[in-house]
Amino acid sequence: MDLSEIRLNPEQKLAVDTLNGPLLIIAGAGSGKTGVITSRIANMLNHGIPQSQILAMTFTNKAAKEMEARVKSLTGKKLTNLTISTFHAFGVKILREHYVDMGFRPNFSIYDTGDKISCLKEAARELKLKYENPELMELANMFAAIKTERQPWDNTIDQHKPLYKEYEEHMRIYNAVDFDDLIVLPIHLMEEHSDILEKYQNRFRYIMVDEFQDTSSIQYRFLHLMAEKYRNICCVGDDDQSIYSWRGANYGNILQFEKDYPELIEIKLERNYRSTGTILKAANAVIANNTNRKLKELWTEMSHNEMTIKHTLPDDDKDEGDFIASTIASLRMKEHMKYDQFGILIRTNSLSKAIEDALLSSNIPYTMSGGTSFFQRAEIRDIISYLRVINNPDDDVNLLRIINTPRRGIGKRALETLIDESQRHSQSLYSTMTSLLFSADSELSTKLRNGIAEIVDLVEDFKDRFKEAGALAATGVELVEEINYWEYLLQEHASNDKVAKWKNDNIIMFMDFMSRWEKNPDNLEPSLQKWLNRITLVTRDDTDDNEAGKVNLMTIHASKGLEFDVVFLAGVEKDIIPHERAIAEDPANVEEERRLFYVAITRARKKLYITSCLKRRQMREMIDSSPSPFLDEIPLELMEAMEIEEEVEDPKEAEQYFARLPWK
DNA sequence: TGCCGAGGCCTTTTT
DNA sequence: GGCCTCGGCA
């Protein structure tokens, strides 16, 4: 493909041609944003800007991958030096280059939320504090806010300072960093070492940021640091699609950007190329209820003979799933649509269950991305923990997870003694274990000594084996055999060996991912640590485009940036969207929930189906539900109530149906 | 002291 | 429906 073949409207063209100086692109949903960004990069390359000087920041790894593929097809060039990365992955890159300056050893671990909670729990135990899980999660969120400077210490929370300090100390001992560190540590590094800052400024003279509305204040500070000198920074965003404020996203960054770079050029992309007029009108009407937004109105020249938005009220979540499955099946038959043209969007992961059941029983292939993904399954986490410990034996959190899995006779009591011992010496558990093992006079019971020796031998043995080049996955398979994990699974699921088999299959699949990653020529010098870093930063299981030919089921959050010909928006009910907990936190959150609803609607190209159940299974019981108040914001003429076919035989029933509609 | 079974509880969204 | 915790047993 050639750049000149791409037809751009005047605003898009201006965006693509403006290569120097600060640029702000306000890009409405479906306005061809990705095309503009990739064309702009291609244009830079055509103008002789070296790949190595370009840094493009994206929000997800998936977006990064897609962007790279599109630039590749536009330019036909090999992109060995172009950096397209998420903020977090870029942080890892800097950490890998400068771990010494930051006080880490080379094989550092990256802790995800679960590891973080475990580490916090350990730290609390050390201080003889006991917290319930929800409290720990609250503390974890608070500490994240403090670390990223969203919240200062004050006398209402100062009591938690010791725990915070203890947590940080543990992380140092474990040679581990958390997600926030990946952003914060590079900033500190650059602020403290002007030579390093300058190195990065000179290296990346052209910076682009996608999904700018979802950057946090601290991420903005990072961008500003990097871009200040050459001022070639282009931010692309849409304040109406800001849906990550709970994670620190601050769309006020758009205003800050205008302040810091008063010379910037601002371009608005308001022409929508994605959706039908009906869908667009509905989206515009919904988002118009938000205050405090940059004014823009999307418009389209899409052809007519459009379908209205269809709304149905299934009796319960099972009916909802069945409705979606049968509609997909019939559209596929009647309109020859392919599975991957369908997207099913949900507000929370827990809503997926009933839909998945329905898709499965209708034999409709699907992928569920995000959420409790594959990598979170207990058996996969176990194996990952082994790999983490082999890579970084000081990683106590992961060592604790596997030290007695499968059973090695190292029980609770023994562990407590070991942990106390390591605390006394301010060293990691593993160091304590090795020194105990080699000191002759330690009073270890034979049983305990054997258990410890077993794990230490295993780690030392596999540390070497993994270092041998080119055999990551093969060594992984050997590891799984060595620890007898299959035996353990059988034992654990003695009553149901189908489960054991299923879990074992998952591990085989996991090893297969590893093998494919290892063999991919794009991954230069694959190593155990690189693989581990990668899988902690990738939640979405992007299994090398296995998704083709499957229906896409995902949360609304995960759908950002994607589009589908047909979208089903399920669970559009009171307390689900807007979510009750979001509103309970702060009633003002209704605006973000509305943006979420807006993002969901604008994913649809041609057809949009909305479902609201009247009852829904929650945990054990059936609870009553009612349609979301957001539905009232869609103009009546754009949306049509639709009966679920088999059910309405009786006119009376239809009458009742209409009586139940919220706007009647 | 380690292991196993019973009972309670829950995650809103993700790098 | 599954994971974690606690209490009793070997």
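So you know, we letter chains A, B, ... as the sequences are listed, proteins then strands, and number each from 1.
- Between Ile117(A) atom CD1 and dC10(B) atom P there is a gap of 14 Å when expressed in whole angstrom units.
- Of the candidates dG2(B), dT11(B), dT14(B), the closest approach to any side-chain atom of Arg247(A) belongs to dT14(B).
- With hydrogens and angles left out, the side-chain atoms of Asp210(A) and Thr58(A) include no donor and acceptor closer than 3.5 Å.
- Look at CD on Glu580(A): it is 13 Å from C1' on dT11(B), rounded to the nearest Å.
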Exercise. Yes or no on side-chain hydrogen bond (donor to acceptor under 3.5 Å, both in side chains) for Asp382(A) and Tyr485(A), after CA distance, side-chain angles and deciding distance?
Worked result: CA-CA 10 Å; Asp382(A) 280 345; Tyr485(A) 203 81; 2.5 Å; yes
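- A donor and an acceptor atom, one from each side chain of Glu573(A) and Ser612(A), are nowhere located under 3.5 Å apart.
- Atom CG of residue Leu185(A) and atom CG of residue Leu189(A) lie 8.5 Å apart, to the nearest 0.5 angstrom.
- Toward the 5′ end of DNA chain B lies the nearest nucleotide of Lys412(A), the other residue of the pair Lys412(A) and Phe59(A) mapping further downstream.
- Close to dT13(B), at under 4.0 Å from its OP1 or OP2, lies a side-chain N or O of Asn349(A).
- Stacking between Trp246(A) and dT13(B) is shown: the ring centroid lies under 5.5 Å from the centre of the six-membered base ring, and the planes differ by under 30°.
- Between the OH atom of Tyr488(A) and the P atom of dC3(B) there is a distance of 11 Å, given to the nearest Å.
- Scored by the salt bridge (charged side-chain N to carboxylate O under 4.0 Å, His left out) test, Asp396(A) finds no partners at all (sequence neighbours excluded).
- A close approach under 4.0 Å does occur between a side-chain nitrogen or oxygen of Asn404(A) and OP1 or OP2 of dC3(B).
- Of all nucleotides listed (dT11(B), dT14(B), dC3(B)), dT14(B) comes nearest to the side chain of Thr555(A).
- Residue Lys121(A) is in sugar-phosphate contact alone, with no base atom involved, counting any heavy-atom pair closer than 4.0 Å across all strands shown.
- Residue pairs satisfying the side chain to side chain donor-acceptor pair (under 3.5 Å) criterion with at least one member in residues 121-132 of chain A, sequence neighbours excluded, are listed as follows: Arg125(A)-Asp420(A).
- Of the candidate nucleotides dC10(B), dG2(B), dT14(B), dG2(B) has the atom nearest to the side chain of Ala414(A).
- Among the nucleotides dG2(B), dC10(B), dC4(B), the one closest to the side chain of Lys447(A) is dG2(B).
- In this structure, His579(A) and Glu492(A) both approach DNA chain B, and ranking their closest nucleotides by distance from the 5' end singles out Glu492(A).
- Here the closest heavy-atom approach between residue Glu592(A) and residue Ser245(A) is recorded as OE1-OG, 2.7 Å.
- Rounded to whole Å, the distance from NZ on Lys560(A) to C1' on dT14(B) is 11 Å.
- Scanning DNA chain C 5' to 3' for nucleotides with an atom closer than 4.0 angstrom to a non-hydrogen atom of chain A gives a first and last hit of dG1(C) to dT5(C).
- When the P atom of dT11(B) is taken as reference, atom CG of Asn133(A) falls 7 Å away, rounded to whole Å.
- Between Asn141(A) atom CG and dT11(B) atom C1' the separation is 11 Å, expressed in whole Å.
- In terms of heavy-atom proximity, Ala89(A) sits nearest to Ser85(A) at CB-OG, 3.5 Å.
- Atom CZ of Phe597(A) is separated from atom P of dT13(B) by 19 Å (rounded to the nearest Å).
- In this structure, Ser350(A) reaches neither bases nor backbone, as no heavy-atom distance under 4.0 Å exists between it and the strands shown.
- Counting to the nearest Å, the C1' atom of dT14(B) and the CZ atom of Phe179(A) are 8 Å from each other.
- If you check dT13(B), dT14(B), dG2(B) against the side chain of Arg347(A), the one that comes closest is dT13(B).
- Residue-level contact check: Glu132(A) touches neither bases nor backbone, having no heavy atom under 4.0 Å from any strand.
- For Arg413(A), taking side-chain heavy atoms from C-beta onward, the closest of the listed nucleotides dT11(B), dT14(B), dT1(B) is dT1(B).
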